[in-house]
Amino acid sequence: MDGFDKLKDLLAGQPAEVTAAVELASKQSVSGVVDVLRNVAGEHPEAVDEFITAWISTLEGAERLAATLAVSSLYVLDLVHLEHAEDRMLKSVLDASIQTLQELQRELADYSEVANSPDASFDTGFAETLQRIATGPLEQAAIQLQTQTELLNSSMNNA
């Protein structure tokens with residue numbers, strides 16, 4: 001049995017074996033996992049939602065954002081039809097975006113330390129520009145997304 005079928009069986013079982021499914025998914029590509037989810041979501045929305053939440057929480061940075069964006073269509077297209085599904089998926093996209101922006105900020109700010117390296121083709125002025133971008137527009141974007149996340153949480157709690 002290949003990874004596709006094994007993951008599908010874990011999510012379609014009664015009860016679903018979410019922990020084992022997350023462990024198996026950690027050894028697969030994001031696109032491979034999403035392919036399985038597309039095949040299972042309509043028949044097992046609760047298990048798929050529980051899996052997605054658990055799986056995404058194990059990922060970091062750009063991989064987390066990529067996975068979140070890849071599974072968002074499952075919610076928007078009602079393949080995972082649960083109360084507030086769209087809201088919860090949007091919150092997940094916002095959270096992953098904020099985390100990724102913060103990681104990008106740290107990464108760009110670190111280049112000022114390597115600008116004087118003999119191997120670097122960029123100078124300190126270039127690195128300082130990157131640092132200004134990190135502490136300016138990227139930081140503002142993360143703050144604005146956090147504000148929207150809080151508003152979304154509030155509207156979900158009041159719905």
Side-chain angles (χ1 to χ4, degrees), residues 1-111 130-131 133-159:
M1 180 179 296
D2 68 1
F4 180 93
D5 290 330
K6 182 146 178 79
L7 184 56
K8 186 175 175 182
D9 288 348
L10 290 169
L11 293 172
Q14 296 299 326
E17 297 179 47
V18 173
T19 302
V22 169
E23 186 177 322
L24 180 61
S26 72
K27 300 172 183 132
Q28 297 183 9
S29 69
V30 168
S31 62
V33 172
V34 173
D35 285 345
V36 172
L37 297 177
R38 283 193 182 103
N39 283 283
V40 179
E43 295 175 26
H44 306 281
E46 292 87 2
V48 168
D49 181 62
E50 183 182 346
F51 167 79
I52 288 171
T53 301
W55 175 54
I56 290 202
S57 73
T58 67
L59 304 175
E60 294 182 16
E63 185 178 34
R64 182 179 189 166
L65 180 58
T68 302
L69 293 173
V71 298
S72 67
S73 65
L74 298 175
Y75 290 83
V76 174
L77 299 174
D78 280 339
L79 294 176
V80 177
H81 185 70
L82 300 167
E83 187 175 352
H84 298 293
E86 292 87 352
D87 295 336
R88 291 192 348 254
M89 183 45 52
L90 176 56
K91 182 182 178 323
S92 185
V93 168
L94 292 171
D95 288 342
S97 297
I98 292 164
Q99 180 188 24
T100 302
L101 281 171
Q102 290 169 339
E103 289 178 16
L104 182 57
Q105 283 176 264
R106 287 188 295 272
E107 181 69 24
L108 292 178
D110 287 345
Y111 281 102
L130 291 178
Q131 189 160 18
I133 292 168
T135 58
L138 291 179
E139 184 175 8
Q140 284 303 311
I143 290 168
Q144 290 173 350
L145 290 176
Q146 183 60 48
T147 299
Q148 294 306 306
T149 301
E150 291 165 7
L151 291 171
L152 179 61
N153 283 336
S154 178
S155 68
M156 287 170 58
N157 291 334
N158 294 327

Distance, nearest 0.5 Å, that separates CG of N157 from CG of N153: 6.5 Å
S92 side chain reached by I56 side chain, heavy atoms, under 4.5 Å: yes
Results of side-chain hydrogen bond (donor to acceptor under 3.5 Å, both in side chains) for D110 - residues two or more places apart only: none
Residues R38 and D35 bridged, charged N to O under 4.0 Å: yes
Shortest non-hydrogen contact between A109 and A134, atoms and distance: N-CB, 4.4 Å
Distance (rounded to the nearest 0.5 Å) between E63 CD and T100 OG1: 10.5 Å
Euclidean distance, L59 CG relative to T68 OG1, rounded to 0.5 Å: 7.5 Å
Contact summary for V93 and S72, nearest pair of heavy atoms: CG2-CB, 4.4 Å
Side chain to side chain contact (heavy atoms under 4.5 Å, CB included) between L151 and Q148, intermediate numbers included: CA-CA 5 Å; L151 291 171; Q148 294 306 306; 3.8 Å; yes
CD/E60: more than 12 non-hydrogen atoms of other groups inside 6.0 Å: no
Residue pair Q105 / A142: nearest heavy atoms and the distance that separates them: OE1-CB, 4.2 Å
Salt bridge (charged side-chain N to carboxylate O under 4.0 Å, His left out) involving D87 - partner list, sequence neighbours excluded: none
Side chain to side chain contact (heavy atoms under 4.5 Å, CB included) between L65 and S97, worked out: CA-CA 6 Å; L65 180 58; S97 297; 3.4 Å; yes
Pairs touching residues 47-69 that satisfy ring-ring contact (aromatic ring centres under 6.0 Å, His included), sequence neighbours left out: F51-W55
With D95 via side-chain hydrogen bond (donor to acceptor under 3.5 Å, both in side chains) - residues at least two apart: K91
Between CD on residue Q146 and CD on residue Q102, distance to nearest 0.5 Å: 8.0 Å
Side-chain touch I52/M89, heavy atoms, less than 4.5 angstrom: yes
Polar side-chain atom of E17 near backbone of L10 as donor-acceptor pair, under 3.5 Å: no
Min side-chain heavy-atom separation E139-L101 under 4.5 Å: no
pair D49-R88: side-chain heavy atoms closer than 4.5 Å: yes
side-chain hydrogen bond (donor to acceptor under 3.5 Å, both in side chains) involving S29 - partner list, sequence neighbours excluded: S31
Heavy-atom closest contact (A70 atom, S73 atom, distance): O-OG, 3.7 Å
Reported OG-to-NE2 distance for the pair S155 and H84, which is rounded to 0.5 angstrom: 8.5 Å
CG on L145 to CD on Q140, rounded to 0.5 Å: 11.0 Å
Evaluation steps, side chain to side chain contact (heavy atoms under 4.5 Å, CB included), between Q14 and H44: CA-CA 10 Å; Q14 296 299 326; H44 306 281; 3.8 Å; yes
Check: L11 and L37 side chains under 4.5 Å, non-hydrogen atoms: yes
Minimum heavy-atom distance V30-A67, with the two atoms named: CG1-CA, 3.7 Å
Closest approach of A25 to V33 (non-hydrogen atoms, all atoms of both residues): CB-CG2, 3.8 Å
Non-neighbouring partners of E23 that pass side-chain hydrogen bond (donor to acceptor under 3.5 Å, both in side chains), sequence neighbours left out: none
Chi angles and distances behind the side chain to side chain contact (heavy atoms under 4.5 Å, CB included) call for L7, Q28: CA-CA 10 Å; L7 184 56; Q28 297 183 9; 3.9 Å; yes
